[in-house]
Amino acid sequence: DEAEKLSAKGQHEEALRLVELSWEVAEFMGDDVERGYCHLMRGVVLGDQKRWNPALAAYEDARKCFERSGSNEGQAK
């Protein structure tokens with residue numbers, strides 16, 4: 001994912017901007033799986049910034065979206 005690559009390069013603000021754009025698309029589509037992936041990526045970027053509590057909250061939001069979607073997407077294997 002492009003946001004993850006940017007974050008790994010230390011370009012966290014740009015990575016979060018891409019996550020926000022993705023979120024807008026997921027919201028427009030009404031797709032909980034895509035919302036879940038947006039939260040998941042937000043958690044990755046926040047974790048890269050060592051912002052542990054917001055990252056953990058983003059991961060929890062991702063879990064809720066995946067659970068709500070009723071699909072197996074995003075579940076740990």
Side-chain angles (χ1 to χ4, degrees):
D1 178 87
E2 192 63 29
E4 190 171 11
K5 291 176 189 174
L6 288 169
S7 186
K9 293 178 187 176
Q11 298 174 341
H12 306 295
E13 293 308 315
E14 181 67 12
L16 287 173
R17 188 184 72 76
L18 287 179
V19 171
E20 289 304 318
L21 288 172
S22 297
W23 175 261
E24 289 178 24
V25 172
E27 280 289 289
F28 178 78
M29 293 171 38
D31 188 330
D32 276 326
V33 171
E34 291 303 319
R35 287 181 185 119
Y37 281 118
C38 291
H39 284 302
L40 189 63
M41 189 50 53
R42 181 178 292 115
V44 168
V45 174
L46 293 170
D48 285 348
Q49 293 177 291
K50 309 232 182 310
R51 296 171 59 192
W52 308 122
N53 288 336
L56 183 59
Y59 291 137
E60 178 61 18
D61 289 340
R63 185 196 62 76
K64 289 176 185 176
C65 285
F66 292 130
E67 188 175 86
R68 190 170 47 244
S69 76
S71 79
N72 292 333
E73 289 285 331
Q75 293 184 8
K77 299 186 182 205

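Quick caveat, the model's predicted, so the values are computed rather than measured.
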Let me confirm one number: the [atom1]-[atom2] distance from [X] to [Y], rounded to the nearest 0.5 Å.
X	Y	atom1	atom2	value
K64	D32	NZ	CG	12.5 Å
L40	C65	CG	SG	10.5 Å
M41	C38	CE	SG	9.0 Å
K5	E2	NZ	CD	5.5 Å

**Request:** Compare every heavy atom of A3 with every heavy atom of A15, then report the nearest pair and how far apart it is.
**Result:**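 Between these two residues, the closest heavy atoms are CB-O, 3.3 Å.
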
**Request:** Return the minimal non-hydrogen interatomic distance between R35 and G30, and the atom names on each side.
**Result:** NH2-CA, 3.3 Å

**Complete:** Contacts of Y59 meeting ring pair (Phe, Tyr, Trp, His ring centres under 6.0 Å) (sequence neighbours excluded), chain-then-number -> none

**Item:** Side-chain hydrophobic cluster, 4.5 Å single linkage: members besides L6
**Value:**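 Grouped by the 4.5 Å side-chain rule, L18, L21 form the rest of the cluster around L6.
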
**Item:** Members sharing V25's hydrophobic cluster (side chains within less than 4.5 Å)
**Value:**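 Its cluster partners, ordered by chain and number, are M29.
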
Could you go through residues 47-56 and list every donor-acceptor pair under 3.5 Å that involves a side-chain atom there, pairing it with any protein atom two or more places apart or in another chain?
residue, atom, partner, partner atom, Å
D48, OD2, S7, OG, 2.6
Q49, OE1, R51, NH1, 3.4

**Item:** Salt-bridge present (R63, E60; N to O < 4.0 Å)
**Value:**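 So R63 pairs with E60 through a salt bridge.
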
**Message:** Just to verify, what does E4 make a salt bridge (charged side-chain N to carboxylate O under 4.0 Å, His left out) with, not counting sequence neighbours?
**Reply:** none

**Item:** Pairs flagged by ring-ring contact (aromatic ring centres under 6.0 Å, His included) wherever residues 4-50 is involved - sequence neighbours left out
**Value:**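 Output for this query lists W23-H39, Y37-F66.
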
**Prompt:** Is there side-chain contact between E13 and R17, with heavy atoms separated by less than 4.5 Å?
**Reply:** no

